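See structure below.
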Protein chains: 2
Amino acid sequence: MGITEKRARHKEAFRREILDSARMIFIKRGYDGFSMRKLAEKIDYSPTTIYLYFKNKDDLLFAICEEFFETFLTELNRIRSVSRDPLRTLRQAVLYLINFGLLNPDQYKLIFFTKSVYGTREELVEQETMARNTYFVFMEIVQECIAAGKLRKLEADVIADTFAIASHGLVAKSIFCANSAKGKNEVVALTLVDALLRGLRK
Amino acid sequence: MGITEKRARHKEAFRREILDSARMIFIKRGYDGFSMRKLAEKIDYSPTTIYLYFKNKDDLLFAICEEFFETFLTELNRIRSVSRDPLRTLRQAVLYLINFGLLNPDQYKLIFFTKSVYGTREELVEQETMARNTYFVFMEIVQECIAAGKLRKLEADVIADTFAIASHGLVAKSIFCANSAKGKNEVVALTLVDALLRGLRK
DNA sequence: TGTTATTCTTAACGCTGTTAAGTTACCAGA
DNA sequence: TCTGGTAACTTAACAGCGTTAAGAATAACA
């Protein structure tokens with residue numbers, strides 16, 4: 001192993017360390033509560049060192065989002081490979097996302113309710129991100145439901161949006177609204193998803 | 001009219017002016033983009049003067065939220081007085097909220113996705129705010145639907161939450177997700193609400 | 001006119017993201 | 001082993017932020 005290679009490895013590992021520390025602070029203190037100086041202190045380097053590994057604060061957030069979508073995409077493919085019933089696949093996919101949000105509200109908020117890290121739709125399509133890939137796979141699942149005659153023949157993106165909305169709304173409510181029914185989030189989740197499936201079934 | 005009364009009136013008017021200017025900046029630039037210094041410049045006073053009329057930045061946001069819930073509550077009562085069919089009332093109420101969100105995404109974001117200005121559930125119930133009153137009226141509408149045998153006999157707060165979630169999710173998606181189907185928000189809104197009503201109907 | 005309360009401003013503290021410039025550490029070639 | 005260059009990192013600074021303490025100006029009343 002050459003020395004330049006060793007250096008590259010160390011650099012990669014250091015980038016990882018920065019990213020992991022950043023995620024912890026982001027999740028714990030929120031977007032505003034996060035600061036480059038706090039991150040610097042945590043990793044025991046000066047604030048400016050971070051800029052050698054990430055373009056800026058939002059670039060750190062982008063990297064964190066991409067990592068989430070990577071695991072989400074993996075999970076989608078797993079669910080898909082296990083179940084052959086597309087409607088069941090769809091239900092499990094949505095419930096997975098909701099469950100993640102309810103278990104990790106701060107991270108969900110960070111990823112979905114903080115900044116439009118992926119820009120406009122055109123930029124997203126061009127950019128070859130994990131977020132884009134995940135959205136495409138999700139659309140495929142919905143289209144399989146329609147093709148199998150399990151869902152009403154609405155446009156696939158409308159239905160896909162509808163389910164994404166369910167998750168977003170549910171988690172948003174549990175995060176932001178103090179007057180939401182505490183401890184009933186799981187009940188509401190099932191009520192919501194199954195009501196939607198019932199309402200959209202052929 | 002005494003002079004002290006005149007002063008009180010002027011003070012009230014000035015407070016209004018500050019609040020209106022604050023809302024403009026908040027909506028235009030978001031929570032982070034808003035600053036006390038920018039507000040001060042807009043109203044042509046020093047930053048510290050604002051603190052004589054509002055406790056701090058979040059107190060300004062609270063006042064803006066309360067004003068929204070006041071108009072929303074008025075609208076809820078209007079819809080209710082016009083229509084006798086509770087299910088139709090519920091549908092219109094939800095669509096009003098969604099429509100407001102789609103037309104005023106920045107303000108919706110500010111009110112629902114920025115900070116938990118109303119604290120915990122206990123604090124909300126104690127505090128006698130417009131937000132609390134609005135939530136109670138919304139719950140009443142749902143309960144009327146159940147009492148009239150139009151909805152499945154789930155717990156009222158679960159159903160109320162489900163519809164609030166629909167609105168939150170839809171608007172959240174249109175705000176934050178670049179990959180949402182642009183220009184189709186109205187279609188998605190109707191699909192979502194009617195699917196829910198269909199799914200929750202008795 | 002003198003006293004007092006109200007209203008507003010100046011100055012400051014300790015934060016923030018980010019950049020420019022300078023310093024140290026290390027590796028390659030002679 | 002010495003030297004040149006580069007990669008890694010730091011110091012210092014700019015302009016902005018929310019908020020507070022203390023002082024100045026204004027207006028109301030005696």
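The model shown is predicted, which means the values in this text are computed figures rather than measured ones. Letters go in sequence order (proteins before strands), and every chain restarts at 1.
B/Thr49 places no side-chain N or O within 3.5 Å of a backbone atom of B/Tyr45 that could act as its donor or acceptor partner. Side-chain atoms of B/Thr114 do not come within 3.5 Å of backbone N or O of B/Ile111 as any donor-acceptor pair.
Donor-acceptor pairing under 3.5 Å, judged by distance alone, is present between the side chain of B/Arg37 and the base of D/dG18.
Ring centroids of A/Phe69 and A/Tyr135 are separated by 6.0 Å or more, keeping the two rings apart. For A/Phe163 and A/Phe138, the distance between ring centers is not under 6.0 angstrom.
Of all nucleotides listed (C/dT9, D/dA8, C/dG17), C/dT9 comes nearest to the side chain of B/Tyr45. You'll find that the side chain of B/Tyr53 is closest to C/dC8, out of C/dC8, D/dC9, D/dT19. For B/Ser46, the side-chain atoms get nearest to C/dT9 when compared with the rest of C/dT18, C/dT16, C/dT9.
One interatomic measurement links the two molecules: CD of A/Glu17 to C1' of D/dC9, which rounds to 15 Å at whole-angstrom precision. Rounded to a whole Å, the NZ atom of B/Lys57 is 8 Å from the P atom of D/dT19. Following rounding to the nearest Å, B/Arg9 (CZ) and C/dT6 (C1') show an atom-to-atom distance of 20 Å. Whole-Å rounding puts the B/Asp58 CG to D/dG18 C1' distance at 10 Å. When the C1' atom of C/dC8 is taken as reference, atom CD1 of B/Ile18 falls 11 Å away, rounded to whole Å. Protein atom OH of A/Tyr31 is 8 Å distant from nucleotide atom P of C/dG17, rounded to whole Å. Rounded to whole Å, the distance from NE2 on A/His10 to P on D/dA8 is 10 Å.
When the nearest nucleotides of DNA chain C are assigned to A/Asp32 and A/Lys55 by heavy-atom distance, the more 5′-ward of the two goes with A/Asp32.
For the pair B/Thr48 and C/dT10, the criterion of a side-chain N or O lying under 4.0 Å from OP1 or OP2 is not met.
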